[in-house]
Amino acid sequence: MLKIRLPDGSERELPQGSSPADVARAIGPGLFKAALAARVDGELRDLNRPFEGDAELSLVTSRDEADALELARHDFAHVLAEAVQTLFPGTQITFGPATDDGFYYDFAPPEGRGMFTEKDLPEIEAEMRRIIAADKPLVREEWTRDQLIAHFDAHGETFKSEWAKELPEGEALTIYRAGEWLDMCRGPHLPSTGKLDPQAFRLTRVSGAYWRGDQRNAMLSRIYGTGWLNKKQLAEHMHRLEEAAKRDHRKLGAEMDLFHLQQEAHGSVFWHPAGYLIWRGLESYMRRAIDGAGYREVKTPQVMDARQWEASGHWGKYRENMFVIPDEVPNTEDEGAIISGDADWMALKPMNCPAHVLIFKQGIKSYRDLPLRIYENGCCHRNEPHGALHGLMRVRQFTQDDAHIFCREDQIVDEVQKFCALADRIYQHFGFTYAIKLALRPEKRFGTDAMWDKAEAELRDAVARAGLATAEHGWEELPGEGAFYAPKLEWHLTDAIGRTWQVGTIQSDRVLPERLDASYVGEDGNRHRPVMLHRAIFGSYERFIGILIEHFAGKLPLWLAPTQAVVATIVSDADAYAEEIAAKLTAAGIRVETDLRNEKINYKVREHSLAKVPMLLVVGNREAEQGTVALRQLGVKEQRFMPFDEALAMLQAEATPPDLR
RNA sequence: GCCUACGUAGCUCAGCAGGUAGAGCACUUCCUUGGUAAGGAAGAGGUCACCGGUUCAAAUCCGGUCGUAGGCUCCA
């Protein structure tokens, strides 16, 4: 007999060969019906998989939302794969996991058919519903590797076969069968397709995806879906997507006249006056922050000789992303531009670090000079893959809030800790919470393993000392994701609707000082290599502004809003008063505009509200006579009547940047 | 760069069994001086992304280029 302990502490005895399903059935038909899977000794398993011995069991139902969603999404992926193979014989299956909001499956379409398109989706959805309605049991079977290979070869599944061949030989592998159809899969799965809600999923889009995520491999046809436990959850999800679309910085950027992009400067931003006011607000803020934290601001050349980039290693590791320029004078003839074969090459800087090392190398540095913190609003150019460009978030010209801290080995941990504190204060000023991750050594890298061991350990240590290496701060290590010269600590912001954005970073680098031969004179009178900490907090001004726009849905806090207030008149008799108080606001440093147009107040309120102006000061005859204003704050229905001086004080207080309050 | 879709007035979109373009908003002018999310009228505005092909005729069909969107790869 088996002893099965339940979450309430009770125990049940069942014959050998029993499964969690038997326990559920024994407890009651309601639970049996609701049961989706089981946690056996903590491990998520199929409901019908027999116990291997005594165990602790908890049955998983739709109340265990995280587990239930994961199972349902994985099942939706299988159902999708079966549907596609039913409708399009000759399609090969590859992989299909659950995602954050649903699932996808990658297919190799039949010879000559081409990729699946969105036009195929309704038909596939209908077939999926048929499979769900058929309530096909999902049966787990253990096969040997050779059985699997033989099966896949016999069915023309070359991708699956290739994968199976790389699996270890002895191991028992599992397949899941839904009637005739089967896929190799670790599981677990729901007991049958009928446990899925046919109204709780939707196929959303198609895309290409490389086999095994490598762009040298074949392009597969991926079908994405969103999947949930019930219709209501799906509707909520679709609503969230609509809300996110409303916040899109590209849409708001156009509506608020902040910036534009056009193909003549592909991937570079045209900042309009309003947008550039946000930029200038951030720039001033950041200057105060770095001045206060012991940094010194510099400005370095936009174009440097290729030999410099060879020395730094960028020419070898980063050339494909760099804009190169022939250094040739004269570079024109009557027929137009010429480039002779033996021109020297220069390149627009993709990063600021080499130039900062060159500043460090001027003169002789003593250990007393360290740490030396060099900051630049560094404008970089990177020739990004065209398909990667995206609004302000991914551009080809961007300005980093970039600094390099040159320090001694024994100063690293302290400097990283200080940076953690600075970043924390700054993100709080903008109302963000964040997660910190450590990106570890990548495959393509400079430096010895010993150096990487040390660099990774230092960053880990500093974060731990700053008290940030906690689950609350989303602490996590990401293997293989570091830069080619250094491991990275990354700050991932969480925005108002729960999305995350990587912005801040600090990286401890011993490679570049070595390659560019930077040194300082130590206490012992000998030359030593400084360590270089690369760090940024906004990441780039472009991306950070994009994130702010989406985070605030365009309703920027007063200190950042391009137009902070509008004085709108009700009747033209109040024009002079409106001009008078606008002048006072301007004198007090408020960015204010007047709206004296011959329009009704309704119209003006609507227009300035849509333009996301934070404060609307409405004045008519009454206000002009009494020296008051009717203040309407963005997002607040009621207006407040108050003396102008009171409104002025309020505006001034709110327009003060958070670091100056 | 790769996959799929898309590209018509400043914006949002209609027109597409091929017969040289249309709406709403915005803009300009006029009327209206009206108390908190669109007052009324008139006018102006487009070589239908670009290049080429098929055709008597192309915004509409075909091919290419560029761009955009969503993915993949990459990334601040």
Side-chain angles (χ1 to χ4, degrees), chain A residues 99 104 106 109 114-121 204-224 245 248 250-251 254-255 257 260-264 266-267 318 320-321 350-352 378 380 382-402 481 483 488 490-491 501-505 534 536-544 546-547 568-575 596-611 616-623 630-632 634 636-641:
Chain A
T99 63
Y104 66 79
D106 287 347
M115 297 291 181
F116 296 113
T117 73
E118 271 162 41
K119 289 195 182 75
D120 297 319
L121 299 185
T204 50
R205 51 188 182 262
V206 295
S207 92
Y210 299 107
W211 167 235
R212 303 172 84 166
D214 189 327
Q215 59 178 327
R216 289 167 301 194
N217 290 340
M219 177 66 73
L220 302 171
S221 188
R222 175 173 296 180
I223 298 177
Y224 279 95
D248 192 308
R250 294 163 301 184
K251 178 174 133 73
E255 283 174 11
D257 194 19
H260 85 272
L261 296 151
Q262 66 180 62
Q263 66 184 77
E264 285 73 11
H266 188 201
Y318 208 73
E320 63 182 21
N321 287 309
M351 298 182 194
N352 308 298
C380 297
R382 296 183 189 172
N383 198 355
E384 300 287 355
H386 287 196
L389 299 176
H390 178 93
L392 295 178
M393 303 303 190
R394 192 76 182 273
V395 289
R396 300 209 294 181
Q397 175 190 312
F398 57 96
T399 301
Q400 297 177 312
D401 63 311
D402 198 10
E481 304 213 354
K488 298 197 279 190
E490 301 175 345
W491 274 253
W501 308 91
Q502 199 238 295
V503 289
T505 183
H534 305 242
I537 292 176
F538 291 159
S540 82
Y541 281 81
E542 284 82 355
R543 183 178 285 181
F544 197 71
I547 294 167
T569 51
I570 294 168
V571 291
S572 54
D573 288 343
D575 285 1
L596 311 181
R597 291 176 304 170
N598 178 12
E599 296 289 351
K600 291 195 170 182
I601 194 60
N602 289 337
Y603 183 89
K604 294 183 182 181
V605 166
R606 177 181 157 81
E607 197 170 89
H608 299 300
S609 299
L610 290 175
L616 192 57
L617 281 62
V618 177
V619 295
N621 285 325
R622 208 188 308 154
E623 287 75 15
L631 185 75
R632 190 186 169 112
L634 186 61
V636 179
K637 272 253 164 66
E638 311 77 42
Q639 47 203 300
R640 293 157 65 190
F641 298 91

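Letters A, B, ... are given to chains in the order of the sequence lines, protein chains preceding strands, and every chain is numbered from 1.
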Base, sugar-phosphate, or nothing: which does [X] touch, judged by heavy atoms less than 4.0 Å apart?
{"X": "A:Met219", "answer": "base"}
{"X": "A:Arg394", "answer": "base"}
{"X": "A:Arg250", "answer": "sugar-phosphate"}
{"X": "A:His608", "answer": "nothing"}
{"X": "A:Ser609", "answer": "base"}
{"X": "A:Leu616", "answer": "nothing"}
{"X": "A:Lys251", "answer": "nothing"}
{"X": "A:Gly208", "answer": "base"}
{"X": "A:Phe544", "answer": "nothing"}

- [ ] Name the residue closer to the 5' end of RNA chain B, choosing between A:Ile570 and A:Arg543 according to the nucleotide with the nearest heavy atom.
- [x] A:Ile570
Mark yes or no for a side-chain to base donor-acceptor pair under 3.5 Å between [X] and [N], with no hydrogen or angle criteria applied.
{"X": "A:Ser572", "N": "B:U33", "value": "yes"}
{"X": "A:Glu118", "N": "B:U4", "value": "no"}
{"X": "A:Glu623", "N": "B:G35", "value": "yes"}
{"X": "A:Arg396", "N": "B:A76", "value": "no"}
{"X": "A:Tyr210", "N": "B:G1", "value": "yes"}
{"X": "A:Glu607", "N": "B:A26", "value": "no"}
{"X": "A:Arg222", "N": "B:C72", "value": "no"}

Out of [options], which nucleotide sits closest to the side chain of [X]?
{"X": "A:Ala388", "options": "B:A37, B:A76, B:C74", "value": "B:C74"}
{"X": "A:Phe641", "options": "B:U4, B:U36, B:G39", "value": "B:U36"}
{"X": "A:Val571", "options": "B:G1, B:G35, B:U33", "value": "B:U33"}
{"X": "A:Gln263", "options": "B:G35, B:A37, B:C66", "value": "B:C66"}
{"X": "A:Ile601", "options": "B:U4, B:G34, B:G35", "value": "B:G35"}
{"X": "A:Tyr603", "options": "B:A76, B:A38, B:U4", "value": "B:A38"}
{"X": "A:Arg382", "options": "B:A76, B:C27, B:G67", "value": "B:A76"}

- [ ] Report, as yes or no, whether the 6.0 Å neighbourhood of atom CD on A:Glu320 holds more than 12 heavy atoms from other residues, nucleotides or ligands.
- [x] no
Open item on the list: Just to be sure I follow the notation: if a pair is Watson-Crick (purine N1 to pyrimidine N3 plus N6-O4 or O6-N4) or a G-U wobble (N1-O2 and O6-N3), each under 3.5 Å, what dot-bracket string does RNA chain B give, with | for pairs to another strand?
Closed with: (((((((..((((.....[..)))).(((((.......))))).....(((((..]....))))))))))))....
TODO: Could you state the atom-to-atom distance from OH of A:Tyr224 to P of B:A5 in whole Å?
DONE: 17 Å
Name the pairs: protein N/O against N/O of nucleotides 13-15 of chain B, kept only if under 3.5 Å.
none

- [ ] Name the orientation class of the two ring planes belonging to A:Phe538 and A:Phe544 (parallel below 30°, tilted from 30 to 60°, perpendicular beyond 60°).
- [x] parallel
